[in-house]
Each structure stands twice: as C-alpha cells, then as structure tokens.
Trainee: 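Can you keep this structure in mind? I'll have questions shortly.
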Protein chains: 2
Amino acid sequence: MKSSPEAAYLEARLSEFMDRCREAGMNLTPQRLAIYRSLIEAKDHPSPEALFDRVRPGMPTLSLATIYKTLDTLAGMGLVTELPARGDAKRYDANMEPHHHLVCTQCNKVADYHDAQLDGIAPPKNLGGFRARQVNVHIHGLCAECARTEKTH
Amino acid sequence: MKSSPEAAYLEARLSEFMDRCREAGMNLTPQRLAIYRSLIEAKDHPSPEALFDRVRPGMPTLSLATIYKTLDTLAGMGLVTELPARGDAKRYDANMEPHHHLVCTQCNKVADYHDAQLDGIAPPKNLGGFRARQVNVHIHGLCAECARTEKTH
DNA sequence: GTAACTGCAAAAACTTTGCTGAGTT
DNA sequence: AACTCAGCAAAGTTTTTGCAGTTAC
C-alpha cells in the first residue's frame, strides 16, 4: 500500500474540506468533492472550462454551471484563490500553502514559484483595519519564452 | 499658479507617454491621451467601463471599443498593469511605481498599499529563464468592512 | 421531510473583431 | 500621401441566473 507525502496531503485537504462543509451546513456532493480534488491535484492553474474537461470524464452529467457555482462557493470559504488572470478566463488555485507567482507581462502565463525567503515575509502591522491573512509575492517580468522573442529588437 | 508635486508627476508621466508613443511609431490621439491621463489620476483601479464613464463626458464620441484597444496597447507597452480582478471586469492601474496591494478575499476590493520595506524586496536570482522586472506584494485578507461583518460568527 | 444542490437552457455581462471614414505625422 | 487609429455594429467568450427535479442529511 502506497502512502506518499502527496497522497497524505491530498487526504488531509479533503478531510479538511469535508469538515468545513459540515461546519457551514453545506451538502457534500460528489460534484464538489471531484472539483475540489481536481483542483488540489492540478499542477497548473486551471480555468473553469479546463476543470470541466478534467472532471467530466468521471462524471458525465456534470455541467459547467456547477463548476462556476462551486468555485464561487469555495472561494468564499477561502479554500481556493482566484489568480490574476488575463486575456481569457479566470484561473483558480487550491494551493493555499504560501507560494508565489511568476507572471509574464507578455503572454500572461502564471507559474508557481517557491522560495523560503519570500515565505518569510511578515505582513506589516498597521494596515488600517485590513486583516492580513496571507502574503503573496508576484514577480512580474518576461517568461523564458517571451524573453527569447523580445530579443529580436 | 499652482504646481503641486502631483501635477508635476502627472506632467512627467504624460511626457514620458508621448515619448514612448513616438518611439513606437504610434499616433498620439486625443483619446489615448485622455484615457491614459484618467488612469494616472485615478485613485482606484477602474474597469474599462468605469474609465469609459469618466472620459466620455469630455469626449462624447468615445467608444468602449476604443477603451479596450487602448488599454491593450498600453499594457503591451508596459505603461499600465492589469490587476487580479474578480467577479466582474478587469481592473487597470497606471501606477507603475513600486507599490503593493491589499486584496480582500471576501469582496475582492483591491487597495494600493505603500511600504518602503516591501519595495526593498529584490527578485531572487535564479528564476530559470524568467526575467524579473518588478516585484509586487499582494496581501490577502479581509478589508475593514468585511472583517466587521465576519465577526458575527 | 427539508434544505441544499445539480443540470439545463436562456440571459447577461464582458471583450474582441472587421470595416470605413477620419486624424496624425 | 501614407499610415495609424476611432467609432460603429456585430460576433464571440465567459459568467450568471431561474427553475424543476434530485440528492444529501
């Protein structure tokens, strides 16, 4: 029987999810579980439509509207984050561990970036009533591909 | 005659804008100037539609499509940034000085936040080909208003 | 049994596009 | 004069909504 660290993490997240649902008096539907699980497992930052395509194979009656409703609910619970997306659709991220983003100002791709030093940044104390919960560093610039293209000038 | 720091800043930005347009071989149209100016003067982070409403009074023939085209052009030139918006439309910011954002995970408002200590964060060296241009800290949490509401639980 | 939720289809909101006449250099 | 651009209207995407039947508790 395998129990990799990732599997343990997944289980913990799902378990927390179920608890939070109960707390909030929400039903635990297979759709919600599947969507949330897919989001946790995703290494990229899927758009609603991308999630739809991933979850639907195992749940053929799923509808895109349910994805939107679920994502909205999860975001309200603080279980997923909406990312600074651009161009096309919104992007979602269920990775709530401290992590940061490299965003390309040219093609608008967003890549995760882990850095212990950045993780250590503490939110400033005096934010005028704003209650900080997480600090997130966005590094704007050119991704490797776009940097190469830009060179031509 | 008044010449506040803000007025000087505005002029400098407009002047830079005109230079960049010339460099890029772009026409300097009244529409672009007005849109860019409105964006510099804005204290909030207007959506395309909000900009439209602000600029149109002084330019009744302006169309929303022009706003979109202009914003797209400006973003491509690196003169404005698109913000992590949510729910409705995209939001734009022409404040390219280093500054940071407080984003409310509940109502999705985004407020500017200035902090010299955060400004001092240097982009990490090794980003695997990614060419960093600016570091931007997003502090997620609850804004004063939402924090008050949340209390009820 | 009751409250909450999904799926569907239709509507709304937001954004992009092609074209033509007008403006900028 | 040449090139770029604004305005218009139409098309394309993305997101939201209402409702009826279904499911979770």
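Chain identifiers are assigned alphabetically (A, B, ...) following the order of the sequence lines, protein sequences preceding nucleic acid strands; residue numbering begins at 1 within each chain.
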Trainee: Report the distance from atom CG of A:Leu33 to atom P of C:dT6, rounded to the nearest whole Å.
Mentor: 11 Å
Trainee: Would you check if the side chain of A:Asn27 reaches a backbone N or O of A:Thr29 as a donor-acceptor pair within less than 3.5 Å?
Mentor: no
Trainee: I need the CZ-C1' distance between B:Arg91 and C:dT15, as an integer number of Å.
Mentor: 16 Å
Trainee: For B:Gln31 and D:dG7, is the shortest distance between a side-chain N/O and OP1 or OP2 below 4.0 Å?
Mentor: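 Answer is yes, contact under 4.0 Å.
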Trainee: Check A:Arg32 against A:Thr70 and note the closest heavy-atom contact, atom names and distance.
Mentor: CG-CG2, 3.9 Å
Trainee: Check the distance between D:dA6's P and B:Leu71's CG and give it to me in whole angstrom.
Mentor: 12 Å
Trainee: Please round to 10 degrees the angle between the axis of the first five pairs and the axis of the last five pairs in the helix from C:dG1-D:dC25 to C:dT25-D:dA1.
Mentor: 50°
Trainee: B:Asp72 vs B:Lys69, test: salt bridge (Lys or Arg N to Asp or Glu O under 4.0 Å). Steps then yes/no.
Mentor: CA-CA 5 Å; B:Asp72 202 54; B:Lys69 287 172 187 167; over 6 Å; no
Trainee: Can you measure B:Arg32 atom CZ to D:dG7 atom C1' for me and round it to whole angstrom units?
Mentor: 14 Å
Trainee: May I ask you to decide whether A:Arg54 forms a salt bridge with A:Asp44, counting only side-chain N to carboxylate O separations under 4.0 Å?
Mentor: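 Yes.
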Trainee: Angle class for the A:His101/A:His45 ring planes (parallel below 30°, perpendicular above 60°, tilted otherwise)?
Mentor: perpendicular
Trainee: In whole angstroms, how far is the P atom of D:dT13 from the CD1 atom of A:Ile67?
Mentor: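 The answer, rounded to whole Å, is 20 Å.
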Trainee: CG of A:Leu64 versus P of C:dC8: gap in Å, rounded?
Mentor: 11 Å
Trainee: For every nucleotide of nucleotides 18-25 of chain C, 5' to 3': is a protein heavy atom under 4.0 Å from its base (B), only from its sugar-phosphate (S), or from neither (-)?
Mentor: B----BSS
Trainee: I want to verify a distance call: between D:dT15, D:dG7, C:dT6, whose nearest atom is closest to the B:Leu62 side chain?
Mentor: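 For B:Leu62, the side-chain atoms sit closest to D:dG7.
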Trainee: Side chains of A:Leu79 and A:Arg20: closer than 4.5 Å at any heavy-atom pair?
Mentor: yes
Trainee: Which nucleotide wins on minimum distance to the side chain of B:Tyr68, given the candidates D:dT15, D:dA6, C:dC14?
Mentor: C:dC14
Trainee: Grab the CD-P distance between B:Glu23 and D:dT4 for me, whole Å please.
Mentor: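 Rounding to the nearest Å, CD of B:Glu23 and P of D:dT4 are 17 Å apart.
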Trainee: Is there side-chain contact between A:Val103 and A:Ile139, with at least one heavy-atom pair below 4.5 Å?
Mentor: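 They are not in contact (no side-chain heavy atoms under 4.5 Å apart), so the answer is no.
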Trainee: Nearest 0.5 Å please: distance from the CG atom of A:Leu71 over to the CZ atom of A:Arg91.
Mentor: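 Going from CG on A:Leu71 over to CZ on A:Arg91, the span is 12.0 Å.
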Trainee: A:Leu51 CG to D:dT14 C1': how many Å, rounded?
Mentor: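 For the pair A:Leu51 CG and D:dT14 C1', the rounded distance is 15 Å.
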Trainee: If I take atom OH from residue B:Tyr36 and atom SG from residue B:Cys21, how far apart are they, to the nearest 0.5 angstrom?
Mentor: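 Between B:Tyr36 OH and B:Cys21 SG, I get 9.0 Å after rounding to 0.5 Å.
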